[in-house]
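Reading through the structure tokens given below for one structure.
Naming convention: chains lettered A, B, ... in sequence-line order (proteins, then strands); numbering from 1 in each chain.
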Amino acid sequence: MTRNIPDKRGLEGLETKWDERWESDGTYRFDVTKTRDEIFAIDTPPPTVSGSLHMGSVFGYVQTDAHARYRRMSGKEVFYPMGWDDNGLPTERRVQNYYGVRCDPSLPYDRDFSPPEQPHDPPISIGRRNFIELCHILTAEDEKVFENLWRTLGLSVDWHQTYATIDELSQRTSQKAFLNNLARGEAYSQDAPVLWDIDFQTAVAQAELEDREKGGAHHDIAFRKPDGSAVYIETTRPELICSCVALVAHPEDERYQELFGTTVTTPLFGVEVPVVSHELADPDKGTGVAMICTFGDTTDVTWWRELDLPTRAVIQLDGRLQEETPEWLTGAGAGAYSEIAGLFANQARRKMAEMLAASGDLDGEPRQIMHPVKFYEKGDRPLEIVTSRQWYIRNGGREEKLRKELLVRGEELDWVPEFMGVRYRHWVEGLTGDWLISRQRYFGVAIPLWYPVTEDGDIDYANPIVPPDDRLPVDPRSDTPDGFEESQREQPGGFSGDPDIMDTWATSSLTPQIAGHWVDDPEFFTRVFPMDIRPQGPEIIRTWLFSSTVRSHFEHGTIPWHTATINGWILDPDRKKMSKSIGNVVTPMPLIEEYGPEAVRYWACNGRPGVDTAVDFGVMKIGRRLAIKILNASRFALSFSDSAVDPTEITEPLDRSMLASLAAAVEGATAAFDEYDYARAIEIAEKSFWNWTDDYVELVKSRAYDDGPGAPSAHAALQFALGVYLRLFAPFLPFVTEEVWSWWKEGSVHRSAWPSTEEFEGLTGEPDVLEAVSRILGEIRRAKSDAKASMRAEVEQVGVVADRELIDAARKAEIDLLAAGRVEEITYSEGEFTVESRLA
RNA sequence: GGGCCGUUAGCUCAGUCCGGCUAGAGCGCUCGCCUCACACGCGAGAGGUCAGUGGUUCAAGUCCACUACGGCCCACCA
């Protein structure tokens with residue numbers, strides 16, 4: 001192939017040029033004919049497209065891409081799909097804000113609706129179908145932005161293998177998997193207390209909770225024994241006294257032994273409640289005796305369930321206390337309730353404090369405290385606990401046997417880094433209930449069930465009507481079940497469609513099954529599943545990783561991947577965690593424009609696996625410099641002959657010595673990659689390369705230029721080494737390496753073979769030679785530098801004192817050393833290492 | 001309350017699993033150099049009680065114990 005080396009070529013525009021070429025050449029196209037052992041399959045995280053782009057989005061994906069490129073060059077056919085996580089609440093919220101709309105499911109579909117140009121304020125209400133259409137429109141836009149970023153960064157995904165968690169295939173996969181869970185008894189519905197977000201009007205799962213420190217107040221409140229004396233309890237939620245069903249203390253708490261088995265009456269409401277014992281009651285908290293309400297917190301739920309207590313709930317789905325007087329309150333109690341009926345919990349709390357103070361049942365003043373309160377991670381107000389019918393998938397939270405099985409799955413996984421496995425274990429060990437998958441929202445995969453409506457008009461939840469596979473995906477809110485007419489919807493003797501959707505994790509837990517076409521191409525699926533790696537962030541081990549493990553355990557009886565590679569957190573340049581609320585989010589595009597995509601890739605690849613990494617412009621600058629250096633060094637190495645050279649011409653000791661050290665670098669980088677340590681791989685390649693340009697290239701320059709007998713060896717060695725370096729850097733710097741490769745090689749560097757030590761067979765010499773002359777050259781440079789002379793300054797005489805081995809090694813490349821140092825004469829003697837240089 | 005990770009040069013980080021010459025790199029800083037691949041460059045230099053304490057060892061940044069500080073995760077929030 002004839003050389004086509006541009007005279008002057010910078011980095012600018014390389015990403016566009018090569019992205020287009022790779023697309024048209026199908027460089028990263030997955031070859032579907034390959035067999036499982038030839039394939040390396042990656043379960044790429046589908047980014048939440050409605051989220052903002054930030055450096056965290058770049059970090060992990062680039063690291064994974066580097067590894068994908070390594071595997072591809074190592075001979076694997078890499079299955080590297082890309083998904084978009086577009087279903088779920090984040091998209092709904094974005095649509096609401098972007099267009100100024102809100103979903104009102106009671107409104108009909110408006111065929112002529114078009115979204116407002118500007119966000120509408122106040123929001124306009126639209127029907128469910130119109131709302132979902134807007135979700136589709138906006139996510140399509142968002143997905144383009146992400147794809148553009150990924151292409152600019154050079155991710156080697158196969159853009160023909162994409163999916164979205166709301167697309168038809170994902171819906172079908174998700175519904176099919178759910179129906180399988182149902183058929184096997186792994187999914188069930190129940191009417192029970194759930195954590196409820198009063199703003200989003202939906203139930204939330206344990207994995208979506210977070211604790212936030214909130215202000216509150218301890219109230220000491222008197223309950224009355226039959227003899228009229230007081231028992232004080234401490235509570236932060238006096239508004240729930242009307243929901244009190246019992247008092248509880250620890251069974252061994254000596255202070256309350258007399259009370260167990262007796263009853264007390266609640267203040268203001270005068271309800272008689274039993275005093276019971278339970279181990280969860282903590283003698284050290286408050287007065288040691290607590291009121292059990294339905295429901296103030298998750299412990300209440302446990303007590304209520306285990307002690308078989310009645311239900312006296314007053315908090316409604318909207319977070320207000322119900323308007324009508326509860327049936328268990330009569331007389332004065334009903335009167336007291338009328339004061340707080342219809343209020344939000346926090347309003348009722350203040351009112352109750354006043355009333356209790358007035359009645360003398362409040363001891364002292366409420367004491368302000370800060371305490372952790374459970375929030376939905378995306379919510380703004382504390383969660384309430386309400387009773388409602390929801391769907392669950394078993395996850396070991398309520399069964400020891402399943403929990404143990406899932407813990408074993410966690411041990412079967414190879415965790416990179418290893419300590420991340422602990423987070424999985426802790427999460428599984430700490431589960432308190434099954435996985436709540438139903439959500440009372442709109443943009444998501446529907447729960448694919450209808451229920452018979454009895455002749456009495458009741459919904460028969462115990463006998464759901466299941467669609468056949470060939471009808472999936474179904475929307476029970478608009479589709480009619482087989483054997484019914486649409487007119488029978490919600491009619492006695494007819495049917496009722498499940499109104500809920502599944503949580504986004506219920507679908508994204510199936511990304512291997514979606515990307516692998518489990519539902520429509522089982523043969524293909526066997527060739528990519530279980531996948532090789534699941535790369536992801538640490539914060540979603542409890543959600544995405546765990547739920548994927550659960551689904552795969554049930555559906556396939558295996559872990560979904562062999563290895564989980566967990567990347568670190570991204571911190572802002574001041575080493576603070578980036579968050580939108582602090583306003584320190586760094587977006588990638590401006591940085592890519594300033595430093596170039598390879599500089600940003602270089603930064604990402606220098607973050608160690610699993611290690612928190614700060615956005616560091618300094619590191620990006622170094623990456624940019626490395627890319628430029630590769631261009632320039634390549635131009636030099638390729639400037640001597642216009643045709644391919646014969647490696648057997650590499651005969652000079654210095655050249656063969658250089659190849660020995662390069663072979664060692666190849667070995668080191670390969671070993672690092674095999675342990676998923678891309679950062680060590682690039683470090684090794686880079687160290688070797690800078691030594692190459694700084695020392696070897698300088699030493700060999702004269703011989704390469706002078707057309708003497710040593711020239712062919714120099715030319716061949718330079719080209720051979722360059723061919724190796726380009727491949728070593730290809731996983732990290734895909735554009736510049738491809739550019740240089742195209743100057744003198746056929747095909748793509750990204751489909752060339754990863755360098756191996758076998759290539760060096762018969763070409764390597766003693767590593768000592770290059771080391772020895774580099775060391776002496778360094779001393780000569782120091783002398784020139786000390787003399788404030790140019791590096792071109794002539795040296796009359798150099799006296800080397802060193803041990804025998806170093807002298808012997810140096811002599812083998814003496815001509816190169818003299819030329820590089822511009823030295824006229826060199827002498828050697830044995831002894832402690834010193835170099836005397838006498839400048840001309 | 002439990003757990004995980006970290007603390008090495010002014011800054012950002014390697015090195016710790018598997019103990020061994022004088023603890024490395026880059027940035028920044030200082031000094032020099034337009035050297036025919038590269039001034040988007042090249043060369044040289046200064047800069048470190050390896051968080052602290054104690055222990056194991058011939059030998060500790062590296063192994064063990066404890067402590068402090070920082071970050072993260074979990075926890076039944078009376």
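Counting distance only, with no hydrogens placed and no angle test, the side-chain atoms of K629(A) and the base atoms of C38(B) include a donor-acceptor pair under 3.5 Å.
Salt-bridge check for R367(A) with D220(A): passed, with a basic side-chain N closer than 4.0 Å to an acidic carboxylate O. In this structure, E683(A) pairs ionically with R608(A), as a charged nitrogen and a carboxylate oxygen lie closer than 4.0 Å. Between E598(A) and K621(A) there is no salt bridge, since no side-chain nitrogen of the basic residue lies less than 4.0 Å from a carboxylate oxygen of the acidic one.
For the pair Y424(A) OH and C5(B) P, the computed distance is 19 Å after rounding to whole Å. In this structure, R792(A) atom CZ and U35(B) atom C1' are separated by 6 Å, rounded to whole Å. Rounded to a whole Å, the CZ atom of R635(A) is 14 Å from the C1' atom of C36(B). At whole-Å resolution of the value, CE in M791(A) and P in C36(B) are 14 Å apart. The distance between atom CZ of R212(A) and atom P of A75(B), rounded to the nearest whole Å, is 15 Å. Summarising the geometry, the separation between CZ on R625(A) and C1' on A25(B) is reported as 12 Å, rounded to the nearest angstrom.
In this model, the phosphate group of A75(B) is approached by a side-chain N or O of Q206(A) to a distance below 4.0 Å at OP1 or OP2.
Taking the side chain of S785(A) as heavy atoms from C-beta on, and the options C76(B), A44(B), C72(B), the nearest nucleotide is A44(B). Of the candidate nucleotides C76(B), C40(B), C42(B), C40(B) has the atom nearest to the side chain of R624(A). Across A14(B), C76(B), G45(B), the shortest atom-to-atom separation from the side chain of R782(A) is found for G45(B). With distances taken from any side-chain atom of K788(A) to the nucleotides U12(B), C36(B), G32(B), the minimum falls on G32(B). Each of C4(B), C76(B), G3(B) was ranked by its minimum atom distance to the side chain of K285(A); first place goes to C76(B).
Between G24(B) and C33(B), the distance separating the two P atoms is 29 Å to the nearest Å.
Under 3.5 Å, the side chains of E306(A) and H278(A) contain a donor-acceptor pair of N or O atoms.
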